[in-house]
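Structure, as structure tokens:
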Amino acid sequence: MLDQRIVRESPNLIAQELKRRGIEVDLTPLQLIAQNQQSLEDQLNKLQAEGNRIGKEVGKRIGQGTDPNAKEIIDLRAEGNLIKQKVADIDAEEKKVAANLRERLLSLPNLPSKECPNGRGESENIEIRRWGTPRREKHLKEHWEIAENLYLFDTERSARIAQSRFVTLFNMGAKLERSLINFMLDLHRSKGYTEVLPPVLVNTSSLTGSGQLPKFAEESFRCVDDDLWLTPTAEVPVTSLHRDEIIPVNDLPIRYAAYSPCFRREAGSYGRDTRGLIRLHQFNKVELYWFSHPEESQNAHIQITADAESVLQALELPYRVIDLCTGDLGFSASRTFDLEVWLPGAQTFREISSCSICGDFQARRSSIRTKDTNGTKLVHTLNGSGLAVGRTMAALLETGQQSDGSVVIPKALVPYFGHESIQPELPTQ
RNA sequence: GGAGAGGUGGCCGAGUGGUCGAAGGCGCAGCACUGGAAAUGCUGUAUAGGGGCAACUCUAUCGAGGGUUCGAAUCCCUCCCUCUCCGCCA
């Protein structure tokens, strides 16, 4: 959420920055609403002050022995009643205007950071570095082909259980998923992250606090009877972990590594990535999340990205780092580095982690502050996948595939997985 | 699900209609004392929005929302949450 004061005083600044995202808005109506809200609040404050004065006067006079039924008291009471009526009217109006203002503010995306490159969309993103050597041989298989022979997962039967875009893992597939989650969490723990296993059902306030609501309701699964939603990413519950808190400055930065299943409707992606583990309604993810002092957040962004990269490096998975341009930026982000892993079967890079700095955007929505000698201020929040587990498995299978149908497991994962490779002749039962 | 108790400042805890934004304690910060520290003493210490160069001041907030009243932390209603006991359950 953007600062109301800026909306009131210099909305052009906002309009200018939103334009970089490709959003053309006239903020004059919003400015008028904000100013109107403030003017109503001002009137309200003055009336309330008058009402308080009368109330105290009555108390004082009765306390001094004036007969509660004396004319002067009755007159004061009448005056108080008059003010009460006016207060009720203005208060109702102010609430209406304030709610309208908030709703509109909540629907505006974050402003891109100065460093974020301008661009209209995906095609104008900037590659900033690569790591590792991609496998470029011909006839490499895609992960679902590899998995079929090894009987690692089944998507068709999963449609019987749930719907399309769900997966059931079996045997070495299930074990691989489990070992990847443990591996990632241990790696991040060793760097000082606090491990978190949050609720998977989150309420409306949590989704609003991190920016998924009100604009993206159609992307989340909802339990209508309970005001609860299935979390689309651990970013949501972890943000709300400190909602309405003032974090002591010495506790910053707070760094969490949260594992959670993630649920997304993937509305509007019909026909895309219909096979395999790339795009599912339910997938596992280990999410990195920082609450940072505002002055430290730039460095934090570099660090959280490096921490996400370290997983790919440990797993020997080649990748590249993309600096998303303003037109491709997510709603809450002010700048984002995407990590794209190389998928040898598809001969392409695919997003496996998105490392974003949100500035005070989520902190203002969620009211998360810190206090130092200069006063109380909003913290900055950052998030990055570390990593999406299903896509990691896809990359591992395609990268480790051998001509005999087996898959070699990277050394770092062997202690977790318990096998150096996955062999076709392993029993499937 | 049934019965009962309760939700007050960073924490504990007083407050049942009139200078209560809220006693007291703890914690924290500053100052004094000390060679240094402990102990002690003094002072300060919520958040948000408005006005003022500032000192300061106004408004709101005692789980949330509504009501009664000139006036509500205090009375009434609704909801949410927590705890205890019983039932059920992985």
Side-chain angles (χ1 to χ4, degrees), chain A residues 1-9 30-31 33-103 105-106 197 199-209 223-229 237 240-252 254 261 291 294 360 362-379:
Chain A
M1 191 160 65
L2 304 173
D3 192 345
Q4 295 194 23
R5 205 168 315 169
I6 301 176
V7 172
R8 226 158 40 214
E9 288 164 11
L30 191 58
Q31 181 185 26
I33 292 168
Q35 288 171 342
N36 184 220
Q37 185 273 331
Q38 197 175 34
S39 144
L40 285 167
E41 196 178 328
D42 192 50
Q43 294 172 44
L44 192 61
N45 283 177
K46 293 198 166 110
L47 274 173
Q48 282 168 330
E50 180 61 13
N52 288 342
R53 195 192 61 75
I54 292 170
K56 276 182 187 160
E57 189 64 26
V58 172
K60 197 171 125 196
R61 291 198 192 180
I62 293 175
Q64 283 169 351
T66 306
D67 177 4
N69 292 318
K71 180 166 187 308
E72 54 180 301
I73 299 294
I74 290 176
D75 285 349
L76 279 172
R77 283 214 288 252
E79 202 180 336
N81 270 323
L82 203 66
I83 287 170
K84 190 159 65 167
Q85 188 52 52
K86 284 188 195 162
V87 164
D89 290 347
I90 295 180
D91 185 49
E93 178 68 9
E94 194 275 340
K95 279 199 170 118
K96 228 167 66 188
V97 173
N100 180 236
L101 176 63
R102 181 173 164 80
E103 196 182 343
L105 281 172
L106 285 174
L197 189 66
V200 167
L201 293 179
V202 297
N203 57 35
T204 297
S205 298
S206 296
L207 277 163
T208 305
C223 309
V224 284
D225 290 338
D226 302 283
D227 180 37
L228 288 169
W229 309 66
S240 279
L241 218 45
H242 292 285
R243 181 147 47 88
D244 297 320
E245 276 186 29
I246 296 177
I247 301 170
V249 71
N250 290 331
D251 290 359
L252 295 176
I254 298 178
F291 295 89
D360 62 16
Q362 292 177 323
R364 184 173 290 107
R365 291 172 160 251
S366 298
S367 188
I368 306 170
R369 293 147 294 168
T370 188
K371 193 170 9 178
D372 60 22
T373 47
N374 295 322
T376 306
K377 56 190 78 171
L378 295 164
V379 301

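Just so it is clear: chains get the letters A, B, ... in the order the sequence lines come, proteins before strands, and each one is counted from 1.
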Taking the P atom of each, how far is B:G50 from B:C31, in whole Å? 33 Å
How long is the line joining CD1 of A:I54 and P of B:U69, in whole Å? 16 Å
Need the pair for B:G24. Rule: Watson-Crick or G-U wobble, both distances under 3.5 Å, any strand; none if unpaired. B:C12
May I ask you to evaluate whether A:R8 reaches the phosphate of B:G50, defined as a side-chain N or O under 4.0 Å from OP1 or OP2? yes
Distance between C1' atoms of B:U57 and B:G4 (Å, rounded): 47 Å
Go ahead and name the base partner of B:G71; Watson-Crick or wobble counts if both distances stay under 3.5 Å, otherwise write none. none
Main chain of A:K371, side chain of A:T376: is a donor-acceptor contact present, judged purely on distance under 3.5 Å? no
If you round to the nearest 0.5 Å, how far is NZ of A:K84 from CG of A:D91? 13.5 Å
Would you check, one step at a time, whether the test side chain to side chain contact (heavy atoms under 4.5 Å, CB included) holds for A:Q43 with A:K46? CA-CA 5 Å; A:Q43 294 172 44; A:K46 293 198 166 110; 6.0 Å; no
Please report the C-alpha distance between A:L105 and A:L30 in whole Å, then the side-chain angles of each, then the deciding distance to 0.1 Å, and finally whether the side chain to side chain contact (heavy atoms under 4.5 Å, CB included) criterion is met. CA-CA 8 Å; A:L105 281 172; A:L30 191 58; 4.1 Å; yes
Measure from the side chain of A:A49, starting at C-beta and using heavy atoms only, and say which of B:U59, B:C70, B:G49 lies closest. B:U59
Between C1' of B:G65 and CG of A:D227, the distance in whole Å: 15 Å
A:D251 CG - B:G10 P separation (whole Å): 15 Å
Rounded to the Å, how far apart are A:N250 CG and B:G27 P? 18 Å
From C-beta outward on A:N45, which listed nucleotide comes closest to its side chain: B:G49, B:C70, B:G50? B:G49
How long is the line joining CD1 of A:I246 and P of B:C28, in whole Å? 18 Å
Send over the distance from A:L47 CG to B:C70 P, rounded to a whole Å. 17 Å
Short N/O separations, protein against nucleotides 71-73 of chain B, under 3.5 angstrom:
from, atom 1, to, atom 2, distance (Å)
B:G71, OP2, A:K84, NZ, 3.3

Rounded interatomic separation in angstrom, taking CD1 from A:I247 and P from B:A46: 20 Å
Could you identify the nucleotide paired to B:C85, looking across every strand shown and requiring Watson-Crick or G-U wobble geometry with both distances under 3.5 Å? B:G2
Side chain of A:R369: nearest nucleotide among B:A48, B:C70, B:G49? B:A48
Using the C1' atom as the point on both nucleotides, what is the distance between B:A23 and B:C81, in whole Å? 28 Å
Is there a side-chain contact between A:K371 and the phosphate of B:U47, meaning an N or O under 4.0 Å from OP1 or OP2? yes
Whole-Å distance between B:U69 P and A:E79 CD? 18 Å
With respect to A:S240, which candidate in A:S366, A:S205, A:S206 satisfies the side chain to side chain donor-acceptor pair (under 3.5 Å) definition? A:S206
Give a yes/no answer on whether the side chain of A:R53 brings an N or O atom under 4.0 Å of OP1 or OP2 in B:C70. no
Euclidean distance for C1', B:G15 against B:G21 (whole angstrom): 13 Å
Would you indicate, yes or no, if B:U47 has its OP1 or OP2 atom less than 4.0 angstrom from a side-chain nitrogen or oxygen of A:T376? yes
Side-chain N or O of A:Q38 versus OP1/OP2 of B:G50: is the shortest distance under 4.0 Å? yes
Quick one: look up who B:U47 pairs with, Watson-Crick or G-U, both distances under 3.5 Å, and put none if it's unpaired. B:A60
Could you verify whether a donor N or O on one side chain and an acceptor N or O on the other, from A:Q85 and A:D89, lie under 3.5 Å apart? yes
Using the side-chain heavy atoms of A:I62, tell me which of these nucleotides is nearest: B:A60, B:G50, B:G18. B:G18
In the structure shown, which nucleotide is the Watson-Crick or G-U wobble counterpart of B:G41, with both distances under 3.5 Å? B:C31
Say you pick atom P in B:U8 and the same atom in B:A3; how far apart are they, in whole Å? 25 Å
Looking just at side-chain N and O atoms, do A:D42 and A:S39 make a donor-acceptor pair shorter than 3.5 Å? no
B:A55 -> Watson-Crick or G-U wobble partner, both distances under 3.5 Å, gives none
Any base atoms under 4.0 Å from A:R61, or only sugar-phosphate, or nothing? Heavy atoms, all strands. nothing
